[in-house]
There are 4 protein chains.
Amino acid sequence: MSPRTPEQYEEIRKHRRRHIMGVALVLFARKGFHSTSISQIAKAAKVSKGLIYNYFDSKDHLLEQLIVHEVQQGPDLLDILAQQTSDPYEQLTLLLDGAFQMIETDLTHWKLMTMLSLQEGIMQRMSSLFRKKVEDGMSTAIRIFERMGVSDPLVEAYLFGASMDGIFLHYLTMRDLDVAYPLAKLKKNLINRYRNHTTSNDEK
Amino acid sequence: MSPRTPEQYEEIRKHRRRHIMGVALVLFARKGFHSTSISQIAKAAKVSKGLIYNYFDSKDHLLEQLIVHEVQQGPDLLDILAQQTSDPYEQLTLLLDGAFQMIETDLTHWKLMTMLSLQEGIMQRMSSLFRKKVEDGMSTAIRIFERMGVSDPLVEAYLFGASMDGIFLHYLTMRDLDVAYPLAKLKKNLINRYRNHTTSNDEK
Amino acid sequence: MSPRTPEQYEEIRKHRRRHIMGVALVLFARKGFHSTSISQIAKAAKVSKGLIYNYFDSKDHLLEQLIVHEVQQGPDLLDILAQQTSDPYEQLTLLLDGAFQMIETDLTHWKLMTMLSLQEGIMQRMSSLFRKKVEDGMSTAIRIFERMGVSDPLVEAYLFGASMDGIFLHYLTMRDLDVAYPLAKLKKNLINRYRNHTTSNDEK
Amino acid sequence: MSPRTPEQYEEIRKHRRRHIMGVALVLFARKGFHSTSISQIAKAAKVSKGLIYNYFDSKDHLLEQLIVHEVQQGPDLLDILAQQTSDPYEQLTLLLDGAFQMIETDLTHWKLMTMLSLQEGIMQRMSSLFRKKVEDGMSTAIRIFERMGVSDPLVEAYLFGASMDGIFLHYLTMRDLDVAYPLAKLKKNLINRYRNHTTSNDEK
DNA sequence: CATGAATGAGATTTCATTCAT
DNA sequence: AATGAATGAAATCTCATTCAT
């Protein structure tokens with residue numbers, strides 16, 4: 001009879017908002033932003049089209065919120081793992097473990113972000129957000145490689161990051177083509193590669 | 001003013017066709033398939049909308065032709081390079097050279113294909129085409145690594161491929177964010193890495 | 001904390017109702033009926049959307065109530081003024097004074113009514129209401145001019161009314177274009193014009 | 001077989017454009033801008049909704065074009081008439097004749113412009129256009145009254161203009177309420193009023 | 001072979017109105 | 001009595017595709 005309290009409304013809004021964003025994330029990641037219509041999102045989320053506009057100003061805004069959430073979300077996997085141990089090799093191992101584990105659970109996020117990053121004009125709007133994120137990640141990785149005594153930690157970090165994303169990319173592609181991809185073996189190989197990396201690239 | 005021969009007409013058609021495909025490739029790669037309209041392609045190609053339908057049944061068909069052309073195009077960079085020398089290390093060096101050179105010229109192709117491969121329902125239709133392409137590339141790479149005496153050539157090939165695509169991906173992303181990316185250094189590092197790879201990952 | 005009496009409730013309702021109508025009037029007059037949404041009215045009135053429907057059946061009904069109120073409101077400025085003095089010239093002066101004073105305070109009402117009267121299908125519904133209002137106003141004005149001895153009191157009344165509304169219309173338009181409008185001078189001129197109007201148009 | 005020449009296309013476009021604008025003008029003037037949908041315009045013009053967007057970027061743009069056309073259209077009725085005779089009284093008579101004749105033919109234009117001028121935010125965009133138009137009209141009128149020896153030509157011009165628009169406004173309103181309006185009599189009265197205006201308001 | 005006007009299906013967006021609380 | 005989340009119909013707008021010329 002009496003109206004809901006502001007807190008209850010707030011709660012409802014938060015839930016619904018998350019729900020819609022979750023559904024949109026999956027659809028955007030699966031079919032791309034432009035090929036996903038608001039109608040499809042509404043149907044998948046079992047809400048009306050109108051409601052989505054109650055929560056987001058526009059389709060673009062919905063995407064933007066999604067991106068912001070994604071970027072703010074990942075509170076630096078690197079940082080967290082780096083604090084669990086001080087041995088850089090172990091840090092790397094943990095990092096790899098984490099990343100390869102994440103690949104299964106969070107592939108949707110990764111896929112969406114990668115798709116968007118390839119599309120002109122979408123990421124640009126939020127480039128500052130990203131630059132920060134990228135720089136933070138890189139500096140952590142660089143520090144690890146520094147302490148491993150790698151000759152050129154910066155390049156090593158770049159290469160490491162590229163390998164990881166390349167593996168993700170191939171994994172995704174292969175999966176869509178129904179071709180097996182030896183994720184586990186690649187992981188083991190990468191770990192081995194850095195086991196006593198201290199000397200691997202320095203003989204020059 | 002003599003009427004053109006059928007052959008000349010044929011030639012003109014082929015030309016036009018290629019021209020339209022080229023323009024479409026660039027636009028698709030830049031803004032994505034769905035965000036590029038036929039009108040935009042027509043305007044960019046300086047032809048009428050109607051003419052495009054004279055050459056392609058539909059927008060989807062245009063994309064399909066683009067993909068087929070791309071796939072058939074690259075007559076295995078790997079193969080070609082592999083024949084220039086028999087020393088596997090040199091082959092790898094040439095391969096890297098070729099790839100890093102291509103990165104500047106053919107990035108558009110790579111970008112489009114990668115975007116499409118992430119988008120559900122587009123590549124699936126042509127999956128057989130791709131599987132073949134991928135398998136061919138892989139087997140060539142595997143052979144190189146085999147002859148270099150790497151312990152697990154298959155995994156090495158996968159990793160190598162992933163690194164390359166990861167580097168491309170990062171390069172593109174960074175470029176869009178106006179951040180410098182040390183392409184040259186990465187290349188040198190990769191070459192060094194394989195210089196005497198024979199022993200690098202085998203100590204286990 | 002004693003429960004409110006039914007009378008108090010009634011009072012509150014009346015108050016709220018008027019408040020909403022007042023806010024709606026301003027918004028309708030400013031942006032037009034169709035460009036003003038119930039949400040905007042609710043926000044401006046600091047009540048919920050639902051509450052508005054508690055007081056008015058629909059947006060159309062709200063407008064209708066507004067019009068009825070407006071029409072019934074003005075209990076004939078003309079009549080009132082006419083009773084303050086018996087000299088027709090003084091009556092006219094008072095009328096002009098009143099009208100030009102009202103122009104600042106009640107412009108919103110005038111604007112809304114004029115907008116609506118230009119819009120097909122809105123006033124028609126209430127045409128009987130209006131006809132009455134117009135006829136009453138006219139007959140009062142006609143009587144004044146009659147007693148001033150004007151040769152054609154009816155036409156004079158029409159012309160007088162038209163001048164007044166024309167001035168309002170121009171004043172509003174100019175104001176929106178940030179152009180000064182000599183309201184005071186026009187008023188003085190009008191008064192002068194009728195000072196010894198007895199003879200002004202009769203020489204024919 | 002062969003495509004139409006650019007000139008033919010240009011002709012088609014011009015015709016259609018005018019046709020759509022004509023239909024839109026009538027509907028906007030009748031029901032107001034916001035209450036008229038593109039669908040209604042399309043249906044009334046017997047074209048598809050899409051075609052309207054082929055000619056106008058948006059509904060707002062259509063309105064804007066309409067306004068620009070209207071404003072540029074009337075190439076100063078005042079100016080034209082002013083040149084037909086040098087006697088200011090005759091000029092005024094011609095002007096009144098012209099205006100009262102126009103009232104029947106061009107009422108739609110007048111109505112639309114008046115409605116729009118009352119609606120905040122529509123005319124503002126084009127305020128410079130209007131200011132110019134208004135100033136031109138006023139200065140011509142002022143010059144006429146100057147030469148008639150009126151004591152305050154500026155105020156007289158304002159009053160004259162206001163009377164005209166007021167008459168139009170009332171005429172329209174009355175017509176919609178199915179009440180007769182003595183247009184002809186008002187015109188005659190106005191003409192008489194200025195016949196020997198030279199002395200009418202100056203006795204003070 | 002070539003053009004671009006025209007269509008119509010479907011996308012995005014708005015908003016009056018309902019309803020559970 | 002009061003709230004604002006939720007709906008759905010209708011509006012604006014886009015664009016692949018057709019077609020007369």
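Letters go in sequence order (proteins before strands), and every chain restarts at 1. From a predicted model like this one, the values you see are computed outputs, not experimental measurements.
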> Does F:dT14 have OP1 or OP2 sitting under 4.0 Å from an N or O in the side chain of D:Tyr53?
Replying inline: no
> Rounded to whole angstroms, how far apart are NZ on B:Lys59 and C1' on F:dT18?
Replying inline: 17 Å
> Is C:Thr36 touching bases, backbone alone, or none of the nucleic acid, heavy atoms closer than 4.0 Å?
Replying inline: sugar-phosphate
> Just checking, A:Lys59 and A:Phe33: is the charged tip under 6.0 Å from the six-membered ring centre and within 45° of the axis?
Replying inline: yes
> Which whole-number value in Å describes the distance from D:Arg4 CZ to E:dT3 C1'?
Replying inline: 9 Å
> Less than 4.5 Å apart, any side-chain heavy atom of B:Glu64 and any of B:Arg125?
Replying inline: yes
> When rounded to the nearest 0.5 angstrom, what distance separates OH in A:Tyr53 from CG in A:Leu62?
Replying inline: 9.0 Å
>> If a pair means Watson-Crick or G-U wobble with both distances below 3.5 Å, what does DNA chain E look like in dot-bracket form, with | marking bases paired to a different strand?
In response: .||||||||||||||||||||
> In whole angstrom, what separates B:His34's NE2 from F:dA16's P?
Replying inline: 10 Å
>> Within the 4.0 Å heavy-atom criterion, would you say B:Arg16 contacts the bases, only the backbone, or no part of the nucleic acid?
In response: sugar-phosphate
> Given that B:Gln40 and D:Ser37 both sit by DNA chain F, which one's nearest nucleotide is further toward the 5' end?
Replying inline: D:Ser37
>> Quick check: on DNA chain E, is the nucleotide nearest A:Lys49 upstream (toward 5') of the one nearest D:Lys46, or the reverse? Name the residue that is more 5'.
In response: D:Lys46
> What's the CD1-P distance between A:Ile20 and F:dT7, to the nearest Å?
Replying inline: 9 Å
> Base, sugar-phosphate, or nothing: which does D:Phe56 touch, judged by heavy atoms less than 4.0 Å apart?
Replying inline: nothing
>> Does a side-chain N or O of B:Arg13 approach OP1 or OP2 of E:dC1 to a distance below 4.0 Å, or not?
In response: yes
> Has D:Asn54 got a side-chain N or O lying under 4.0 Å from the OP1 or OP2 atom of E:dA6?
Replying inline: no
> Taking OP1 and OP2 of F:dA6, is either one under 4.0 Å from a side-chain nitrogen or oxygen of A:Tyr55?
Replying inline: yes
> For the pair made of NE2 in A:His15 and P in F:dA6, what is the distance, rounded to whole Å?
Replying inline: 11 Å
>> Let's see if you can work this out: which of F:dT3, F:dG8, E:dT13 has an atom nearest to the side-chain heavy atoms of A:Ser48?
In response: F:dG8
>> How long is the straight-line distance from CE of B:Met21 back to CD1 of B:Ile52, given to the nearest 0.5 Å?
In response: 12.5 Å
> Which part of the nucleic acid, if any, lies within reach of A:Ile12 when heavy atoms closer than 4.0 Å are counted: base, sugar-phosphate only, or nothing?
Replying inline: sugar-phosphate
> Is the NZ or CZ atom of A:Arg16 positioned over A:Tyr55's six-membered ring, under 6.0 angstrom from the centre and within 45° of the axis?
Replying inline: no
>> Please tell me whether C:Gln65 and C:Arg17 have a donor and an acceptor in their side chains that are separated by less than 3.5 angstrom.
In response: yes
>> Quick check on DNA chain E: between A:Ser58 and C:Phe33, whose nearest nucleotide comes earlier from the 5' end?
In response: A:Ser58
> To the nearest Å, how far apart are D:Glu11 CD and E:dT3 P?
Replying inline: 21 Å
> Could one point to a donor on the side chain of A:Tyr9 or the base of F:dT3 with an acceptor on the other under 3.5 Å away?
Replying inline: yes
> To the nearest Å, how far apart are D:Ile41 CD1 and F:dC13 C1'?
Replying inline: 13 Å
> Rounded to the nearest Å, what distance is computed from the NZ atom of residue C:Lys43 to the P atom of nucleotide F:dG4?
Replying inline: 11 Å
>> Taking the side chain as everything from C-beta on, heavy atoms only, tell me whether A:Met123 gets closer than 4.5 Å to A:Ile67.
In response: yes
> Contact class for C:Leu51 vs. all strands (heavy atom < 4.0 Å): base, sugar-phosphate, or nothing?
Replying inline: base
> Would a distance-only check, ignoring hydrogens and angles, find a side-chain to backbone donor-acceptor pair under 3.5 Å from D:Gln72 to D:His69?
Replying inline: no
